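One structure below.
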Amino acid sequence: MKLIFRLGGIAALVAGLVILAVLPFATSFVEQWARRDVELRSRLVFSTARDQIVDLMVRNDTEQIDRLFERVATDERVLAIGYCDGQELLFPTKNMPGSFSCAQAARSDSETFSTIRADDRDVLVSAFPLKANGRTGHLVVLHDMSYVQRRGAQARNYIFLALAGVALGAAALVAAIALLIMRRWLASVRQAIENVRAGTPPLPHSDDLPAIGKEIHDVLQELDATRRTIDAAHTDWSPDALRAALSNELSGSEVIVVSNREPYIHNRTDNGITLQIPASGLVAALEPITRACGGTWVAHGSGTADRETVDTYDRVAVPPGHPSYTLRRVWLTEEEQDGYYYGAANEGLWPLCHIAFVRPVFRETDWRMYRAVNAKFADAVVAEAKREDPVVLVQDYHFALLPRMIRERLPRATIVTFWHIPWPNAETFGICPWREEIIDGLLGSSILGFHTQAHCNHFLEAVDAYVESRIDRERDAVTYGGEETLIRPYPISIEWPPAALAGQKSVEECRAAVRQRLGLPPEMRLGVGIERFDYTKGIIDRMKAIDTLLTDYPEWKGHFVFAQVAAPTRSKLANYRQLQEEAEALARDINVRHGTEGYEPIKLLVRHHEPDEVFELFRAADLCVVSSLHDGMNLVAKEFVAARDDEAGVLILSAFAGASRELAEALIVNPYNAHAMGEAFNRALTMPLGEQRERMRLMRDQVRERNVYRWAGQMLLAASRLRKRQRIRRVIAESRRRASAYA
Ligand code: F6P
């Protein structure tokens with residue numbers, strides 16, 4: 001309403017200014033018109049009386065002239081009449097102003113009109129040449145002009161009233177039109193808001209839509225088009241494509257990655273400071289992404305020389321030699337690591353989520369430490385953020401509470417959390433004493449990602465079961481505490497082509513080198529398994545399958561060796577130590593039972609292998625086994641496929657690893673079924689090369705297309721779409737606020 005009054009007021013003001021500008025012209029026009037009228041009357045007087053005057057002058061009848069002049073002067077407008085003989089005024093009528101003299105009248109051979117001031121009023125003096133008795137004088141007719149001024153003032157009043165009426169009418173008309181436009185504009189904005197809320201596609205272009213509503217629709221249309229373009233561009237993800245997508249979609253945005261494990265660990269050894277790249281799927285996936293995006297990676301500084309290699313702000317530029325992003329290290333005390341990392345994360349959440357039949361341990365003291373360490377990382381993220389709206393990529397089960405903590409301190413941040421391990425069904429998750437707090441923490445994210453749709457569904461079930469929220473099943477979105485979190489599957493992957501492949505020798509050379517190193521004859525068939533020494537990986541189960549193979553197919557004795565690379569991990573925990581002991585004992589037992597002089601079917605290599613060594617092993621192998629009892633994705637499976645540019649080799653893959661959803665051409669096995677897995681070993685060892693190639697080609701296409709740049713790209717582009725939507729929502733909310741203030 002205020003707006004309408006304002007517009008009406010503006011229209012009235014404009015009309016008023018126009019009146020002020022027009023009024024003097026109108027008044028002067030009326031005055032000129034009145035003067036011309038008076039001049040006409042003077043001429044009439046002269047032409048009517050001229051002959052009579054000349055006649056009376058010839059007769060020198062001054063009495064009659066006086067009478068004639070007085071009679072003419074009775075005309076209401078004529079003030080006085082006289083005759084100027086040179087400078088002498090003759091026969092002046094009785095109203096002739098005393099101050100008037102012939103010198104004041106402009107005289108010439110033709111009629112003249114001039115205005116003089118006499119007796120405090122304007123007087124028009126008309127002088128007409130008149131010849132009598134051989135001499136030329138001038139008849140002067142004086143008109144009182146004060147009535148012209150009266151008429152001018154009157155006209156001014158009338159014109160003013162008329163124009164004021166028109167102005168008010170115009171203001172009312174403008175206000176009515178504005179009211180009409182405003183109503184349509186509001187209806188259009190409301191419609192746009194409803195569309196955004198309902199997630200329905202924008203309305204098609206219509207010329208009828210008022211401009212602002214149309215603009216909102218256009219932005220939504222653009223958003224929709226962006227989504228279609230991005231969805232279509234799923235085949236060619238590379239560092240350049242990711243960089244291009246980021247500079248288009250998130251240009252000027254600040255990216256901060258947070259994880260427990262750091263991508264580069266500096267250790268003090270006898271040879272000085274050495275650099276270690278940890279055996280971590282998370283690091284393998286995120287490192288190339290962070291290299292492509294730049295930004296900051298916040299992680300626990302766990303190396304023995306980490307403190308010596310940072311600056312005063314605990315930062316170090318990485319990768320060493322070719323720095324492209326900043327690693328910000330966070331220091332944890334031993335007590336903190338025990339409670340947060342070993343306790344809550346790896347004795348609680350890890351077994352809870354993996355369901356590998358290792359009982360989770362939930363200690364309240366661990367949870368308090370977990371909370372405190374999450375808060376410590378929140379401090380580091382806030383300290384590193386240069387803007388109030390960074391894109392923060394929170395990684396994994398170590399930081400379930402971090403998204404909420406960041407959200408509280410940086411409300412405009414776009415927080416994308418990725419849970420790298422499985423999410424169990426709601427019933428299993430329900431045993432966790434911290435379930436509500438974990439869900440609350442994760443729902444501080446803008447987007448929460450899992451490897452598979454099944455994990456997303458499990459999470460939504462848990463939300464439904466344990467917290468008060470609204471779940472939109474169609475959009476897989478949760479509204480909790482007024483904020484929305486999108487739940488999405490993003491299958492993680494590896495870089496393509498993998499950096500570790502670059503320096504590799506030919507497959508034949510790798511086969512020869514590895515066999516020589518392991519003390520095997522050149523023709524020995526070789527299987528490999530490469531992972532951290534973790535009970536979720538099914539290392540014991542695959543050994544049992546090898547036992548079955550060698551029992552059921554004894555012809556493989558002496559002709560097949562399985563090399564198990566196992567990097568020690570979390571050795572502080574009893575479960576992990578026991579696993580290692582059990583695996584070593586089982587390997588010894590199998591080697592005793594199936595081995596012969598100079599032949600051991602299982603080679604257990606318990607140490608961390610750098611990526612180059614891992615890839616050499618993959619290239620040297622005839623088969624690779626990934627027999628996880630439960631795994632979010634498992635990147636070893638994808639790395640094996642990526643390493644085999646000769647398109648040979650067979651992958652034996654657990655049905656319970658997320659990777660089995662994508663790598664369907666592997667031999668899919670149930671790791672709990674040792675007999676069936678033994679069969680799979682035999683099938684792999686006897687698979688014709690043509691079939692190996694067919695399967696490997698399809699798997700390589702899959703890993704190439706769905707590489708880690710696509711994984712990150714899809715998450716970051718989803719974040720960008722969200723930021724755009726939030727921007728639109730803010731614009732709409734603001735225009736709504738303004739509109740309701742006006743209304
Ligand atoms: O599977 C999730 C994951 O974070 C992997 O990315 C990584 O290999 C592992 O767990 C973590 O290992 P660590 O405890 O040694 O960092």
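Please read all numbers here as calculations on a predicted model, not as lab measurements. Counting convention: from 1, in listed order, for ligands and their atoms alike.
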Do NZ/NE/NH1/NH2 and the carboxylate oxygens of Glu287 and Arg291 come within less than 4.0 Å? yes
Identified side chain to side chain contact (heavy atoms under 4.5 Å, CB included) partner of Val565 from the options Leu605, Val614, Val636: Leu605
On the six-membered ring of Trp711, is Arg706 placed so that its NZ or CZ lies under 6.0 angstrom from the centre and within 45° of the ring axis? no
Should the pair Trp434 and Trp367 be assigned to parallel (<30°), tilted (30 to 60°) or perpendicular (>60°) ring geometry? parallel
At their closest point, which heavy atom of Arg328 faces which heavy atom of Tyr313, and how far apart are they? CD-O, 3.6 Å
Less than 3.5 Å apart, any donor N or O on the side chain of His266 or Thr309 sitting next to an acceptor on the other? yes
So what's ligand 1 close to, N/O to N/O, under 3.5 Å?
from: ligand 1; atom 1: 4 (O); to: Asp396; atom 2: OD2; distance (Å): 2.6
from: ligand 1; atom 1: 6 (O); to: Leu282; atom 2: N; distance (Å): 2.7
from: ligand 1; atom 1: 8 (O); to: Gly281; atom 2: N; distance (Å): 3.2
from: ligand 1; atom 1: 12 (O); to: Arg570; atom 2: NH2; distance (Å): 3.2
from: ligand 1; atom 1: 14 (O); to: Tyr341; atom 2: OH; distance (Å): 2.5
from: ligand 1; atom 1: 14 (O); to: Arg570; atom 2: NE; distance (Å): 3.1
from: ligand 1; atom 1: 14 (O); to: Arg570; atom 2: NH2; distance (Å): 2.9
from: ligand 1; atom 1: 15 (O); to: Arg261; atom 2: NH2; distance (Å): 3.1
from: ligand 1; atom 1: 16 (O); to: Arg261; atom 2: NE; distance (Å): 2.9
from: ligand 1; atom 1: 16 (O); to: Arg261; atom 2: NH2; distance (Å): 3.3

